[in-house]
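Worth saying up front: this structure is predicted, and the values here are computed from it rather than measured. Sequence lines set the chain letters: A, B, ... in the order given, protein chains first and strands last, and positions in each chain run from 1.
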Number of protein chains: 2
Amino acid sequence: MRESLDHGAADDTRRRLVSAALKQFGRHGFTATSTRALAAEAGTNIASIAYHFGSKAGLYRACGEHVAAAITETVGAPRDHAGCSPAEAAELLERMMRAMVGFLCTSPAADTLVAFLLREMAEQGAALDTIYGSLIEPKHRELSVLWGAATGRDAESEAVRLAVFAMIGQVVYFRIGRPVVQRRMGWDDIGPAEAARIADILARNLRAAIKGQRL
Amino acid sequence: MRESLDHGAADDTRRRLVSAALKQFGRHGFTATSTRALAAEAGTNIASIAYHFGSKAGLYRACGEHVAAAITETVGAPRDHAGCSPAEAAELLERMMRAMVGFLCTSPAADTLVAFLLREMAEQGAALDTIYGSLIEPKHRELSVLWGAATGRDAESEAVRLAVFAMIGQVVYFRIGRPVVQRRMGWDDIGPAEAARIADILARNLRAAIKGQRL
DNA sequence: GTCTATAAACAGATAGAC
DNA sequence: GTCTATCTGTTTATAGAC
């Protein structure tokens, strides 16, 4: 591992390679991406992949780590919501959901991250383990605590955990099914305006679901 | 095109090739699947792929058509729900949603179909056009009519179309995110029992969403 | 560290025997 | 229709010059 404060030419090549790889692996998959195309987009040569990452597979692993780090940074560390009132919890859930919609639908960075993650999920790749443990699990736990507080149920009950997945599912589908959604909605693109309208519908669903599950 | 009533050895080879291809294309993607591996799993030789489908790409196209046909058969032709009462519409929506959950989560056939479709969606492949026009669009329209009837809103209003996507998103996420869901729920597998518990939560969400959006 | 040249393995397509 | 053998191009990885 290199000094993280070093910003030499080598680190720059590494960065460019990871950036190109994230994009191409996400778009075409591991096998369909050739080291030639990667080197070309990164503005370097084929041999540098082996030099910096050992192999094409090593570069892929580096991408997985980059994705995990990037998403962790955007979603932030999970916080402790003990002693949250039902109203506060519901409002917090809505805010977090709106942030998720905004990020997934409008952030340019989300494009490559989601494409990479989706492939990883379908292929049951090794990077999924890291991402699950360091990101998905703790975040889902945090949302479960809030959902439990909002509905008056046990945060780790089966119903609450499933309800949180259902909420997440609504959000991520608008990214995964984006081409289908755009076509059916007659939208040329999903920008901030469209994302806000999606978030409004989902927020209404969220409030209704909480109300319907409240004890 | 061959006689559909003919069940000779050639048709059998075709069937075995499509079956193997559906599985491997879905699992590893187009490029990562070699014609050698396909021929091996289908119990035939490489040359037969070119003979029966023209090329590897031709076999892929045949898979796309097979998927579209298979899903169309399971979801059935969209029906006309004009003059449906709000209560009837809501009940019908719930029944259709439960059927979707059951099929997606427990049917062995869904495994390969969904994997293939998911890749097709991510890669923006050509088969998506066929599947969108012949399947997704009409089905989404049918659900929109029911949602409109259940909530008293215009079936083609933006809010209704988005709400239908949100409902679908909840369901498909439990299939797409299946490895994540299993892990968080501590389930070894998602069988009929687990699918029923998922459907119960989603049905409650559905009723709550309809109630919350009702005019 | 960067790059060219090349080695060794693999891909898809096809010719031709049966 | 089926299958073997082979052609042609591309792949990743690497040796070695600079």
Please check if the side chain of A:Gln24 supplies one atom and the backbone of A:Thr33 the other of a donor-acceptor pair under 3.5 Å. no

In residues 38-45 of chain B, which residues come under 4.0 Å of DNA chain C by heavy atom? none

How does each nucleotide of nucleotides 13-18 of chain D score, in 5' to 3' order, for protein heavy atoms under 4.0 Å: base (B), sugar-phosphate only (S), or none (-)? SB----

Qualifying salt bridge (Lys or Arg N to Asp or Glu O under 4.0 Å) pairs, either residue in residues 128-137 of chain A, two or more places apart: A:Asp129-B:Arg183, A:Glu137-A:Arg141

Verdict with supporting geometry, B:Glu142 and B:Lys139, salt bridge (charged side-chain N to carboxylate O under 4.0 Å, His left out): CA-CA 5 Å; B:Glu142 182 189 6; B:Lys139 205 64 190 177; 3.0 Å; yes

Here DNA chain C, pairs taken as Watson-Crick or G-U under 3.5 Å and shown with ( ), [ ] when crossing and | when to another strand, reads ||||||||||.|||||||

Can you sort out the partners of A:Tyr60 under ring pair (Phe, Tyr, Trp, His ring centres under 6.0 Å), two or more places apart, ordered by chain and number? A:Phe25, A:Phe30, A:Phe116

Does the B:Ser48 side chain pair with the main chain of B:Tyr51, one donor and one acceptor, at a distance under 3.5 Å? no

Who are the side chain to side chain donor-acceptor pair (under 3.5 Å) partners of B:Asp154, not counting sequence neighbours? none

Got a list of side-chain donor-acceptor pairs under 3.5 Å for residues 103-110 of chain A, not counting sequence neighbours?
| from | atom 1 | to | atom 2 | distance (Å) |
| --- | --- | --- | --- | --- |
| A:Thr106 | OG1 | A:Gly102 | O | 2.5 |
| A:Ser107 | OG | A:Ala109 | N | 3.2 |
| A:Ser107 | OG | A:Ala110 | N | 3.3 |

Is there any salt bridge (Lys or Arg N to Asp or Glu O under 4.0 Å) pair reaching into residues 16-34 of chain B, and which pairs are they, with sequence neighbours excluded? B:Asp12-B:Arg16, B:Lys23-B:Glu41

In whole angstrom, give the distance that lies between atom OH of A:Tyr51 and atom C1' of C:dT4. 17 Å

Rounded to whole Å, CG of A:Asp11 lies from C1' of C:dG1 at a distance of 12 Å

Whether A:Glu65 side chain and A:Ala62 backbone form a donor-acceptor pair below 3.5 Å: no

B:Glu158, CD atom: more than 12 neighbouring heavy atoms under 6.0 Å: yes

Under the ring pair (Phe, Tyr, Trp, His ring centres under 6.0 Å) test, residues paired with B:His140 that sit two or more places apart: B:Phe165

Under 4.0 Å between any heavy atoms, over every strand shown, what does A:Thr31 touch: base, sugar-phosphate, or nothing? Just pick one. nothing

Mind listing the side-chain donor-acceptor pairs of residues 198-205 of chain B below 3.5 Å, one per line with the distance, residues two or more places apart or on another chain?
| from | atom 1 | to | atom 2 | distance (Å) |
| --- | --- | --- | --- | --- |
| B:Asp200 | OD1 | B:Arg98 | NH1 | 3.0 |
| B:Asp200 | OD1 | B:Arg98 | NH2 | 3.2 |
| B:Asn205 | ND2 | B:Gln170 | OE1 | 3.1 |

Scan residues 176-202 of chain A for pairs that pass ring-ring contact (aromatic ring centres under 6.0 Å, His included), counting only residues two or more places apart or in two chains. none

Can you list, by residue number, the residues of residues 16-28 of chain A that have a non-hydrogen atom closer than 4.0 angstrom to DNA chain D? none

Nucleotide C:dC3, atom C1' - distance to NE2 of A:His52 in whole Å: 12 Å

